[in-house]
Number of protein chains: 2
Amino acid sequence: MRDALKGHVDLLLLSALEDEPAHGYELVETIRDRSEGEFDLAEGTVYPSLYRLERRRLVASGWETVSGRRRRVYRLTTSGRRKLLKERSDWRAFAQAMEAVVT
Amino acid sequence: MRDALKGHVDLLLLSALEDEPAHGYELVETIRDRSEGEFDLAEGTVYPSLYRLERRRLVASGWETVSGRRRRVYRLTTSGRRKLLKERSDWRAFAQAMEAVVT
DNA sequence: GACTATACCTAGTGTTTCTAGGTATTACTA
DNA sequence: TAGTAATACCTAGAAACACTAGGTATAGTC
């Protein structure tokens, strides 16, 4: 299913940040775990996506050092949280429409 | 929802061809109707997609003239029908994984 | 006679995922 | 203790594909 994720990665990232802040590497794991292995995002996908989200002020980040390793921790902004709700409802409409055509 | 369809247009087209052959312009309408307006595919999306499907031997086409207008009518091939089943089941796995992450 | 709908075609644009490299630190293990 | 794996980040370029914006042509409507 190449490219199936196109246009949906932002929603995955925002969703994974909904409950608590997380750093990039961690988001990859969260998404892989929650999707039961279906989505194994490349780092080259995640980092640029996070930068775009930050540029759009949907997330904000800060550096943190844990046992010698630097991490950039992201959290949802207020508009990011609003965006998450919108994207989630857009996703549901999209999925429903897909089912309607596909079935 | 820009780009949400990326990677899913083939499935829409194959689905719309499942029950009977159809021409390109007609497929746009079928997909718009079944999706209740959610998917209004541009012709610049549909025609190149159909060519790619034909090149991969998933559909086959023939010209037809109805009241003076030329139409290219597409139908599923055997492997196209097999592909449809595969893509449909891939879509369901994808949608389920999306729900799992998003919820 | 002008306009709309039907029906097709296509070159180029833009966005975004992914590949394939890279750096650096810590933890494990043979 | 040397080597490898895991953690954690970064980025330039490639590839794919939906879409824009133009085009042609016929039939029907006002």
Can you check the [X] [atom1] to [N] [atom2] distance for me, whole Å?
{"X": "B:Leu53", "N": "D:dA16", "atom1": "CG", "atom2": "P", "answer": "15 Å"}
{"X": "B:His8", "N": "C:dT16", "atom1": "NE2", "atom2": "P", "answer": "15 Å"}
{"X": "A:Leu41", "N": "C:dT17", "atom1": "CG", "atom2": "C1'", "answer": "10 Å"}
{"X": "B:Leu50", "N": "D:dC17", "atom1": "CG", "atom2": "P", "answer": "14 Å"}
{"X": "B:Ile31", "N": "D:dA18", "atom1": "CD1", "atom2": "P", "answer": "11 Å"}
{"X": "B:Asp3", "N": "C:dT17", "atom1": "CG", "atom2": "C1'", "answer": "10 Å"}
{"X": "A:Leu5", "N": "C:dC18", "atom1": "CG", "atom2": "C1'", "answer": "11 Å"}

Next item on the list: Scan for salt bridge (charged side-chain N to carboxylate O under 4.0 Å, His left out) pairs involving residues 92-103 of chain A, sequence neighbours excluded, and state none if there are none.
Entry: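 Output for this query lists A:Arg92-B:Glu99, A:Glu99-B:Arg92.
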Next item on the list: Might you work through the salt bridge (Lys or Arg N to Asp or Glu O under 4.0 Å) test for A:Asp90 and A:Lys83, ending with a clear yes or no?
Entry: CA-CA 10 Å; A:Asp90 283 352; A:Lys83 180 69 171 172; over 6 Å; no
Notebook entry, point to check: Does A:Arg57 offer a backbone N or O that forms a donor-acceptor pair with the side chain of A:Ser79 under 3.5 Å?
Noted result: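 Yes, the answer is positive, given that a donor and an acceptor are paired below the 3.5 Å cut-off.
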Margin query: Both A:Gly68 and A:Asp40 contact DNA chain C. Taking the nearest nucleotide for each, which residue is further toward the 5' end?
Written below: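 It is A:Asp40, whose closest nucleotide lies nearer the 5' terminus.
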Margin query: Can you identify which nucleotide, out of D:dA15, C:dC18, D:dC19, has its nearest atom closest to the A:Lys6 side chain?
Written below: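 For A:Lys6, the side-chain atoms sit closest to D:dA15.
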Notebook entry, point to check: Using a cut-off of 4.0 Å between protein heavy atoms and nucleotide atoms, how would you tag nucleotides 2-10 of chain D 5' to 3' with B, S and -?
Noted result: -----BBBB
Next item on the list: In plain terms, say whether B:Arg32 and B:Asp40 are close enough for a salt bridge, that is, a side-chain N and a carboxylate O under 4.0 Å apart.
Entry: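 Looking at B:Arg32 and B:Asp40, the cut-off is met.
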Notebook entry, point to check: Is there a side-chain polar atom (N or O) of B:Ser49 under 4.0 Å from OP1 or OP2 of D:dC17?
Noted result: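 It does not, given that no N or O in the side chain of B:Ser49 lies less than 4.0 Å from OP1 or OP2 of D:dC17.
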Checklist line | Below 4.0 Å: OP1/OP2 of C:dT10 and any side-chain N or O of B:Arg52 | finding: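 Result: no.
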Check: Hey, is CD on B:Glu36 packed in by over 12 heavy atoms from elsewhere, all under 6.0 Å?
Finding: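 Open.
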Check: Please walk me through it: do A:Arg70 and A:Glu64 pass side-chain contact (heavy atoms from CB on, under 4.5 Å)?
Finding: CA-CA 6 Å; A:Arg70 276 159 28 111; A:Glu64 198 179 75; over 6 Å; no
Check: If you look at every strand shown and take non-hydrogen atoms under 4.0 Å, does B:Ser67 touch a base, only sugar-phosphate, or nothing?
Finding: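 Contact class for B:Ser67: sugar-phosphate only.
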Note to self: Go through it in stages, so that I can follow the logic: the residues are A:Arg75 and A:Glu18, the test is salt bridge (Lys or Arg N to Asp or Glu O under 4.0 Å), and I'd like the CA-CA distance, side-chain angles, deciding distance and then a yes or no.
What the structure shows: CA-CA 8 Å; A:Arg75 66 180 180 282; A:Glu18 186 174 21; over 6 Å; no
